[in-house]
Amino acid sequence: MKIELAKVRDEFKMSESDCGSARVQVAQLTTKIKHLSSVLHKKDKHSRKGLLAMVQKRKKLLKYLRRTDWDSYCLVLLKLGLRDNADSKNY
């Protein structure tokens, strides 16, 4: 998991020392969400709550990225295979 997160960080960073920009955070959260959703069991309520919290945080970061840097937003959506949510257009 750590190796995969490091690969994602290297792919999405804007400069050499970048490890916390919105692009990197969205990519890392997407990797964590995919991993957790693949191993999640039906009755695991605590992990499900954590998963939903990560999804909401990613949603907020995407909203911020869309508002501030449209090119990065489009790049992140394209590379990660995410969809543009129609509801987020009316903020």
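All residue numbers refer to positions in the sequence shown, counting from 1.
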- Message: For residues M1 and L36: do they belong to one hydrophobic cluster (side chain heavy atoms under 4.5 Å, members Ile, Leu, Val, Met, Phe, Trp, Tyr)?
- Response: no
For residues 46-57, tabulate all N or O donor-acceptor pairs below 3.5 Å that involve a side-chain atom, not counting sequence neighbours.
from, atom 1, to, atom 2, distance (Å)
S47, OG, D44, OD1, 3.4
S47, OG, D44, OD2, 2.9

- Message: So which atom in A22 and which in L65 form the shortest heavy-atom distance, rounded to 0.1 Å?
- Response: CB-CD1, 3.8 Å
- Item | Linked, directly or transitively: W70 and F12 (ILVMFWY side chains, under 4.5 Å) | yes
- So do D84 and L62 actually touch side chain to side chain, heavy atoms under 4.5 Å? no
- So side chain to side chain donor-acceptor pair (under 3.5 Å) across residues 24-43, not counting sequence neighbours, yields T30-R58
- Message: Count I, L, V, M, F, W, Y as connected when their side-chain heavy atoms are under 4.5 Å apart, and connections chain through other members. Are L80 and Y73 then in the same cluster?
- Response: yes
- Item | Taking every non-hydrogen atom, the tightest pair across V24 and C19 | CG1-O, 3.7 Å
- Message: Going by salt bridge (Lys or Arg N to Asp or Glu O under 4.0 Å), name the pairs with one or both residues in residues 15-28, residues two or more places apart or in two chains.
- Response: K13-E16
- Message: For the residue pair D69 / Y64, report whether a side-chain donor-acceptor contact shorter than 3.5 Å exists.
- Response: no
